[in-house]
Protein chains: 2
Amino acid sequence: MSVAHTILGVLMDAPAHGYAIKKQLAGAPTAGEGPLNDGQLYPALARMEREGWITKEVVEQRRSPSKHLYRLTDAGRGEFFDWLAGDRSRAPHPWKFDFLQRCAFLRHLDPGRVELQLAAEIERVSECLTGLERFAGEVAARDPDLYREMLVDYGIRIQRLRRDWLEELQGRVTRSTLPVAAARNA
Amino acid sequence: MSVAHTILGVLMDAPAHGYAIKKQLAGAPTAGEGPLNDGQLYPALARMEREGWITKEVVEQRRSPSKHLYRLTDAGRGEFFDWLAGDRSRAPHPWKFDFLQRCAFLRHLDPGRVELQLAAEIERVSECLTGLERFAGEVAARDPDLYREMLVDYGIRIQRLRRDWLEELQGRVTRSTLPVAAARNA
DNA sequence: ATGGGCATGTAAGCGGTTACATGATTAT
DNA sequence: ATAATCATGTAACCGCTTACATGCCCAT
């Protein structure tokens with residue numbers, strides 16, 4: 001349930017109703033996420049309430065339909081952290097890069113755990129990259145098709161970009177935590 | 001029907017049975033395409049036969065199950081070229097980059113049309129990029145969250161990578177066709 | 001004998017998109 | 001008048017993944 005966890009992440013900041021959640025997610029079109037559909041949002045909220053992750057409070061309004069204000073429960077908060085800190089080392093599809101979805105909420109996780117996740121992601125991406133680089137040699141030798149050759153090249157570039165980006169993020173996170181330790185030791 | 005068009009692309013080279021198509025696609029894990037599932041492949045072949053895009057010939061084998069050999073029909077070839085050369089300028093989701101799926105089969109298209117498609121893709125990506133760059137400024141000013149900032153940065157890097165890669169491909173395609181014109185004029 | 005490769009499929013369920021359905025308020 | 005914004009949902013369909021189901025051949 002991927003949409004559900006994104007919604008939990010939004011509700012971590014404050015209770016909200018469906019339409020507000022939609023607007024908030026539409027305002028950050030960064031990780032290739034288009035605006036959330038009604039047909040996905042409202043059923044997800046209903047399911048999450050059934051699961052006990054959120055509670056609904058109907059707020060009557062003078063004008064136009066009532067707002068349904070959703071709040072996180074303790075179970076919902078637990079689910080959110082399980083998802084955010086969970087181990088993906090054995091996850092399939094190394095090219096999917098789920099990390100981006102969690103990245104938007106990593107501020108809720110302590111830097112130590114973030115560093116663990118970053119190290120794991122970097123290793124996954126690096127493995128994928130070496131595989132592709134080996135494959136690129138074979139393709140170039142066997143296949144005279146410019147387009148297929150460039151397709152493999154695209155894959156390699158993407159993986160390199162991910163690795164470099166992850167390493168930069170890693171550097172920034174450690175740099176923002178180390179000074180604290182240094183200050184403590186001073 | 002996206003899987004169907006990939007299958008049509010494979011059948012453009014030679015008739016094949018399901019298992020062979022699967023193996024061929026699994027051997028090129030470039031554009032983020034994992035191996036094709038049985039649960040997707042076989043129903044797709046059945047649908048395509050119903051659509052009249054392919055015909056089935058059962059090839060009995062002494063050992064183990066019969067192969068079902070599929071051949072493109074004229075309608076199937078037509079559908080393939082419509083898909084490959086079709087106009088995506090008004091397509092939604094500029095971050096989806098469907099171009100990669102077609103890229104694997106662009107050798108079947110004449111270079112003139114390829115150049116048109118490349119120019120259109122470059123414009124789409126560039127537009128998306130300028131939008132993100134404007135957005136990045138706003139985020140940096142408003143939001144003190146390192147992770148959200150880096151998320152926008154990731155989006156920008158991806159779009160830049162796509163633009164650069166498309167332009168390199170464009171250069172290679174024009175360089176491979178221009179010499180022909182030059183030779184003609186000589 | 002165990003597992004992997006060859007070869008075909010079906011079924012259940014999740015995720016996502018599009019379209020349908022309603023209705024008030026507010027801005028142009 | 002018309003469109004956009006606010007606000008909630010449902011229904012149909014498509015795509016994809018996972019697991020189920022079968023069975024032979026070959027190598028270790």
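What you are looking at is a predicted structure, and each value in this text was computed from that prediction instead of being measured. Hydrogens, waters and symmetry mates play no part in the numbers below; they use all other heavy atoms, side chains included. Proteins come first, then strands; the chains are lettered A, B, ... in the order of their sequence lines, and each starts at number 1.
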Side chain of A/Glu79, backbone of A/Trp53: donor and acceptor closer than 3.5 Å?
-> no
OP1, OP2 of C/dG15 versus side-chain N and O of A/Arg47: anything below 4.0 Å?
-> yes
Salt bridge between A/Glu138 and A/Arg134, side-chain N to carboxylate O under 4.0 Å?
-> no
Side-chain N or O of A/His68 closer than 4.0 Å to phosphate OP1/OP2 of D/dT8 = no
Inter-axis angle, terminal five-pair segments of the helix from C/dA1-D/dT28 to C/dT28-D/dA1 [nearest 10°] | 30°
Does the distance from a Lys or Arg side-chain N to an Asp or Glu carboxylate O, for B/Arg160 and B/Asp164, drop under 4.0 Å?
-> no
Test of ring centre spacing under 6.0 Å for B/Tyr154 and A/Phe99 = no
Is the number of heavy atoms from other residues, nucleotides or ligands under 6.0 Å of B/Glu57 CD greater than 12?
-> yes
Are there more than 12 heavy atoms of other residues, nucleotides or ligands under 6.0 Å from atom CG of B/Asp82?
-> yes
Under 4.0 angstrom, heavy atoms only, what part of the nucleic acid is B/Gly39 near: base, sugar-phosphate, or nothing?
-> base
Rounded to whole Å, the NZ-C1' distance (B/Lys96 to D/dC16) equals 12 Å
What nucleotide among D/dT10, C/dG5, C/dG9 has an atom nearest to a side-chain atom of B/Tyr19?
-> C/dG5
Can a side chain N or O of A/Asn37 be found less than 4.0 Å away from OP1 or OP2 on C/dG16?
-> no
